[in-house]
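Heads up: the structure comes next, in structure tokens.
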Amino acid sequence: MSDVLVVGGGIVGLLGALELTRRGRAVTIIDAPTHYPPASWAGGGILSPLYAWRYSDAMTRLSVDAFSRYQQILDESDAAGISGCEALLHCGGLWVETGGDDAALAHQWARRWQVPVQSVSASEQMPESAAGAGLLFPSLGNIRNPGLLKVLRAHLQRLGVRFQSAVVSRVQPTRVGARVLAADGRKWQGDTVVVSAGHMAAQLLLPMGIAMPLFPAKGEMLLFRMKPGQVPAVMLTERGYLIPRQDGSVLVGSTLRKGDNTTYPTVAGRYQLERLAASLWPELASCSPAFHWAGVRPGCERDIPFIGLVPGTSGVYAAVGHYRNGLVSAPASAELLAQLIAGELPFTDPEPYSLSSVSPSSRSSSSFFNR
Ligand SMILES: Cc1cc2nc3c(=O)[nH]c(=O)nc-3n(C[C@H](O)[C@H](O)[C@H](O)COP(=O)(O)OP(=O)(O)OC[C@H]3O[C@@H](n4cnc5c(N)ncnc54)[C@H](O)[C@@H]3O)c2cc1C
């Protein structure tokens, strides 16, 4: 018997389930069969927003402690005998071509949030191709997200979380909780239901009376094989980034197409990323990528995800709109979600994340209760 149903098993749903299980709740995750990889699989895994100092405090609050939270989760699953994803890498991040006012803002932001940062010149750590000054964040981490998802699923199964493979077509709020209907006719009833369905979440929330400002945003990535350690740090510019993995793989990302929810890689995407790779790391100009893939980000018209109760319901929650920062913010989003559901004092003011500011759609809130 499950009392919490989580719709969507990407990083946000999985970590939400973990936090709820820790609080003694019996959780079932209903996730669509993977005809295509979720954003959480496709993403790059940089554990920082791309230019963190340009974001609101509410976003920074979610992202600053991701590394230690992931470390704790991986240690726990390791202790339970589930390991092997080489998930976390503490390699630092070099923001190339960042100077002037932007660098001053970055230093101010870093002081305020106690994030180590240093200015570097082109002659120091920068690749030959980069011009001008840059910023090095030596404590930046990245996570090998596909491996992390596997570890998390196995860890949750050990903890008793059930997984159901189904496409949810409807979440119908009831007096307490909601009924969840699948496209194949199956139904579940939960006292608490969490919608964490990535870029598909808006479709599930609309019949409940709220029009979420969410959109799909396709992103493509390339993977090159190099010798381990050749690219020493994550490297970012306004045009894109390189992410080194422990085994020597180097990810190059990413394209961004708002409104596109297709998941196939394109020739134009490959061309754009190959040019970027060559400009950031000239050796890559003579290499062919080993993999090329695409994913769909859960885009959001503001820079903060929505986490909280769906207005007008009793027990339906949403954790949606993580856009380009779902991997870095998911551990904190999951903690906040679980605290709100459990009625605990949240670790941060929940107001900025609340759904109460979302404009109601044309349906009145009373009409969606299924009596
Ligand atoms: C190319 C690319 C690079 C990125 N790089 C980074 C990065 O470096 N750092 C970072 O922090 N973030 C990055 N992101 C963003 C990050 O991947 C997302 O913000 C994050 O994965 C969102 O997680 P989620 O759980 O909300 O959604 P998803 O991972 O999309 O998961 C949603 C889940 O819900 C399921 N689902 C959807 N509809 C239904 C339904 N009707 N019924 C049942 N199940 C359903 C899906 O199958 C999926 O499993 C990147 C994304 C992309 C595409």
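Note that ligands are numbered from 1 as they come in the structure, with each ligand's atoms numbered from 1 the same way.
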Margin query: Evaluate Gln230 against Glu283 for side-chain hydrogen bond (donor to acceptor under 3.5 Å, both in side chains), listing each step before the verdict.
Written below: CA-CA 10 Å; Gln230 237 173 316; Glu283 247 181 71; 2.7 Å; yes
Item checked: Criterion side-chain contact (heavy atoms from CB on, under 4.5 Å) on Asp303 and Arg54, from CA distance to verdict -> CA-CA 10 Å; Asp303 77 348; Arg54 298 180 190 166; over 6 Å; no
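In the hydrophobic clustering of ILVMFWY residues, with side-chain heavy atoms under 4.5 Å counting as a link, Leu181 and Phe163 come out apart. Cluster annotation: Met59 is not connected to Met212 through the hydrophobic network of ILVMFWY side chains, with a link wherever side-chain heavy atoms come within less than 4.5 Å. Both Trp113 and Leu336 belong to a common hydrophobic cluster when Ile, Leu, Val, Met, Phe, Trp and Tyr are linked at side-chain heavy-atom distances under 4.5 angstrom.
Between Val193 and Val180 the shortest side-chain heavy-atom distance falls below 4.5 Å. When side chains are defined from C-beta on, Asn325 counts as touching Tyr55, because their heavy atoms get closer than 4.5 Å. Put simply, the side chain of Val267 does not reach to within 4.5 Å of the side chain of Arg270, judged on heavy atoms. The shortest distance between side-chain heavy atoms of Arg186 and Gln164 falls below 4.5 Å.
Among Val234, Val7, Asp31, Val6, the residue whose heavy atom lies nearest to atom 35 (C) of ligand 1 is Asp31. Which of Ser40, Gly295, Gly326 comes nearest to atom 21 (O) of ligand 1 through a heavy atom is settled by distance: it is Ser40. Comparing Gly219, Pro38, Gly43 against atom 2 (C) of ligand 1, the shortest heavy-atom distance belongs to Gly43. Across Pro298, Gly44, Gly13, heavy-atom proximity to atom 5 (N) of ligand 1 is greatest for Gly44. When the heavy-atom distances from atom 43 (C) of ligand 1 to Ala330, Pro33, Ala294, Ala32 are ranked, the shortest goes to Ala32.
In terms of polar-atom proximity, defined here as any N/O pair under 3.5 Å, Met221 makes no such contact with ligand 1. Considering both main-chain and side-chain atoms, Gly45 comes within under 3.5 Å of ligand 1 through a nitrogen or oxygen pair. Checked against a 3.5 angstrom limit, the closest N/O atoms of Val12 and ligand 1 fall inside it. Where the criterion is an N or O separation shorter than 3.5 Å, residue side chain and backbone included, Arg324 meets it with respect to ligand 1. Of the N or O atoms in Val168, one or more lie within a sub-3.5 Å distance of an N or O in ligand 1. At under 3.5 Å, not a single nitrogen or oxygen of Ser329, backbone or side chain, sits near a nitrogen or oxygen of ligand 1.
The cationic group of Arg245 does not satisfy the cation-pi geometry with Phe291, failing either the under 6.0 Å distance to the six-membered ring centre or the 45° limit from the ring axis.
Contacts between Tyr323 and ligand 1, counted as non-hydrogen atom pairs separated by less than 4.0 Å, involve the backbone only. If you look at Ala166 next to ligand 1, the close heavy atoms, those under 4.0 Å, all belong to the backbone.
Close approach to Tyr241 involves these atoms of ligand 1, each under 4.0 Å from a residue heavy atom: 3 (C), 5 (N). Near Ala39, meaning under 4.0 Å from any of its heavy atoms, are these atoms of ligand 1: 17 (O), 21 (O), 28 (P), 29 (O), 30 (O). Heavy-atom proximity to Met200, at under 4.0 Å, picks out these atoms of ligand 1: 37 (C), 38 (N). In summary, the atoms of ligand 1 found under 4.0 Å from a heavy atom of Gly8, numbered by their order in the structure, are 33 (C), 34 (O), 35 (C). The atoms of ligand 1 that sit less than 4.0 Å from any heavy atom of Ile11 are 23 (O), 25 (O). Those atoms of ligand 1 with a heavy atom of His322 less than 4.0 angstrom away are 19 (O). Near Gly9, meaning under 4.0 Å from one of its heavy atoms, ligand 1 places the atoms 33 (C), 34 (O), 49 (O). Atoms of ligand 1 lying under 4.0 Å from at least one heavy atom of Gly10, given by number and element, are 25 (O), 29 (O), 31 (O), 33 (C), 49 (O).
Side-chain rings of Tyr317 and Phe306 stay apart, their centers remaining 6.0 Å or farther from each other.
Ser254 and Tyr241 form a side-chain donor-acceptor contact under 3.5 Å, judged by distance and modelled atom types alone.
Going from atom CE of Met226 over to atom CG of Leu242 covers 8.5 Å, rounded to the nearest 0.5 Å.
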